[in-house]
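Okay, so here's the structure we're looking at.
Chain A is the first sequence line, chain B the second, and so forth, proteins listed ahead of strands; every chain is numbered from 1. Every heavy atom of this structure was used, including side-chain atoms; hydrogens, water molecules and symmetry mates were not.
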Amino acid sequence: MKNYLLLLFLVFSILHEASAQEKFDFNKYKSPSSPAAYVLGVEPSAILSPKSFDAFEAAVFSNFMNSEGGAVIPNDFALEFSPYWAKDRGLTIEEYLSADVLTQFKRNFSLSLASTQNFQLGDSTSTNAISFGFRTSLFLRQKDKASKLISDINVFRNVEQVVSNVMSRMYQYSIMADNGTAMIDSTAGELRKQLRNSDNNYTEEQISSIVDSFKRSAVFEADFNENYDAFMDQLTNSLNSTLESSAIYEELKKSLFDQVEEKRGFYIDLAFASLVNFPVNTFGSGTSPRQSFWLTPTYRFKKNTKADFLRILGVLRYERYDQDYYRQYFPNATIYENNIDIGIALSAEFEQFSIQFEAIGRNSNSKTPEGFNSQGDPLYSEKTASDFQTLGKFNYKINDKLTFTYTLGNSFEQIINENNTLVSLFSLNFGFNKQDPTNIGIFD
Amino acid sequence: MSQRKTYRYKDKRVTVADEEDVYFEIKLVSNLNMVQTSVNIPGNDDKELTDSNRVYLGKGKNLRSPITVVFSSVSNPSPNEDEIIINYFINNTEEPLVHHTNPKSEEERPFILITIHFDEP
């Protein structure tokens, strides 16, 4: 009986935690990954990502034109397009890493487009709607980390240059060589010479070790005279393997994108989106009833410093709603014309536990026409509402599968008790979510 | 041992006069490539190039025999690039001597081999 009650209690806690999390989720105030889909209120089954201007043009025309050449609004459609990367620029890695703010703005800029034929009005009528938006981000990369990465890239390039230098000479030598053994011996000699000249400054001991390793590995299936191309391929790859070019490359690739994705330092996400609805499904009835703008600055402290466990996130979201539209098509909804949400979150993550504090202030206002005065001037009444939400969250990882979470604070909405916005929830997570349970998740 | 694929462009022929200056150029087209190229010419004055670059190989008469070998080691770590595209030129011609392209799904780190014969007019 005791076990049954404990199980019931745990299930109840988990379900409440799930629904409560949805209601005061800080993530919904951050710049969305698809601003257009967000204002449309849809979750498309697939997002098109054309990689060239031709592909972008084809995606738009094939979805927005019917077989008679007329315009249509497709259902369940979403597209994200980055104009900067649609053109081949021959950009090098070093140029990519050293971009100034304006260049980053252009590189990270993406257009988003979404549409649906099932945008529901207040009376559940399905209508056509389309939305468009953009998103970009600016990152102030840490100089020391960028310098380390450039240094690693140079080491890799020097290894690759050794491979190229040796093989260009060996292909030349192969014209005169008459057997595979001579090729291998000459390659070993050329390898030693190129390592001595390399900017990686190998010691004689290292050079001897590399050359000996090459000689030991140079046992090829293909015969030099009978299968020249296959022999030369094996020679090249044996050299590549001896120099550990692939291992160095994989490490470099990981570092490159850890730095780009992990983003230690200060960065800002910007996004904007606008909704266009056709309430009576004719082009002439099109109206733009909603626009949203996001500004999300984030700061992560450097790794291996005293504060590297700390992250700070700010959010600013402004949303504008057309009052006339919502009065007509959503008469039962309480909608304000101007809505601003400003918030901040602080997160501290340690090995066994994490703590997060977040606070969001909300202010909404709108003007309602109230007729005219005796001079014929329009009169308005102003309606305002404001609120404040604060939450603290504590996660403790009991083991790899089990995490204890406690949330305390004051939310915008009533969660459990009527007329009471106090939040006090604790739960146990049983590791169904593959994500690290101590990862708060708002910084993803 | 991971095997990298070699793409071969053999026996390319270019006509150059004895006293004509010969320049070799490599131009990267796709983004975020890392390319280290070696040009082996007759004699000891071999050339090294990093990424897009242009070098002077010498007079036509000094490049006759037997062949000039170009070997590039290419890597492209970008997840946004589906294709590697590189052009090789001799002496600023409009059309490249070699227009290399390969899908990254086929090889993310190709080797490129070009052998060139510089013929008399």
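- In terms of heavy-atom pairs under 4.5 angstrom with chain A, the leader among Pro66(B), Ser73(B), Ser78(B), Pro42(B) is Ser73(B).
- The part of Leu49(B) that comes within reach of chain A is its backbone (N, CA, C, O), which places non-hydrogen atoms under 4.5 angstrom from that chain.
- Put simply, OG1 on Thr6(B) and CE on Met167(A) are 7.5 Å apart, with the number rounded to the nearest 0.5 Å.
- Put simply, the side chain of Ser75(B) does not reach to within 4.5 Å of the side chain of Lys253(A), judged on heavy atoms.
- Two residues are said to be in side-chain contact when any heavy atoms from C-beta on lie closer than 4.5 Å; Val69(B) and Tyr173(A) fail this criterion.
- For the set Glu94(A), Arg157(A), Lys87(A), the count of heavy-atom pairs under 4.5 angstrom toward chain B peaks at Arg157(A).
- To the nearest 0.5 Å, atoms CZ (Arg4(B)) and CG (Asn240(A)) are separated by 4.5 Å.
- Contacts of Thr50(B) with chain A are made by side-chain atoms alone, with heavy-atom separations under 4.5 Å and no backbone atom involved.
- Annotation for Lys59(B): atom NZ counts as buried by contact number, over 12 foreign heavy atoms lying within 6.0 Å.
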- Task: Could you go through the side-chain contact (heavy atoms from CB on, under 4.5 Å) check for Ser164(A) and Glu48(B) one step at a time?
- Result: CA-CA 9 Å; Ser164(A) 291; Glu48(B) 295 179 3; over 6 Å; no

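- The residues Arg109(B) and Glu160(A) are annotated as salt-bridged, a charged nitrogen and a carboxylate oxygen being separated by less than 4.0 angstrom.
- Put simply, CG on Asn237(A) and NZ on Lys5(B) are 12.0 Å apart, with the number rounded to the nearest 0.5 Å.
- Per-residue counts of heavy-atom pairs under 4.5 Å with chain A were compared for Lys10(B), Lys27(B), Glu81(B); the largest is that of Lys10(B).
- Residue Glu251(A) qualifies as open at atom CD: its count of foreign heavy atoms under 6.0 Å is 12 or below.
- Put simply, the side chain of Arg169(A) never gets that close to the backbone of Asp46(B): no donor and acceptor are under 3.5 Å apart.
- Looking at Val35(B), the atoms closer than 4.5 Å to chain A (heavy atoms on both sides) all sit in the backbone: N, CA, C or O.
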- With side-chain contact (heavy atoms from CB on, under 4.5 Å) as the test, would you mind laying out the steps for Leu113(B) and Tyr171(A) before giving the verdict? CA-CA 9 Å; Leu113(B) 169 73; Tyr171(A) 271 99; 3.3 Å; yes

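- Note on Asp51(B), Ile86(B), Asn40(B): by heavy-atom pairs under 4.5 Å with chain A, the leading option is Asn40(B).
- The residues Lys51(A) and Glu83(B) are annotated as not salt-bridged, no charged nitrogen and carboxylate oxygen being separated by less than 4.0 angstrom.
- Interface remark: Asn76(B) contributes backbone atoms only to the contact with chain A (heavy atom separation under 4.5 Å).
- The side-chain heavy atoms of Met232(A) and Phe111(B), taken from C-beta on, include no pair separated by under 4.5 Å.
- In this structure, Ser168(A) OG and Ile114(B) CD1 are separated by 12.0 Å, a value rounded to the nearest 0.5 Å.
- Residue Asn158(A): no heavy atom, backbone or side chain, is found under 4.5 Å from chain B.
- Interatomic distance, Glu95(A) CD to Asn31(B) CG, rounded to the nearest 0.5 Å: 9.5 Å.
- Here Arg89(A) contributes atom CZ and Leu28(B) contributes atom CG; the two are 14.5 Å apart, rounded to the nearest 0.5 Å.
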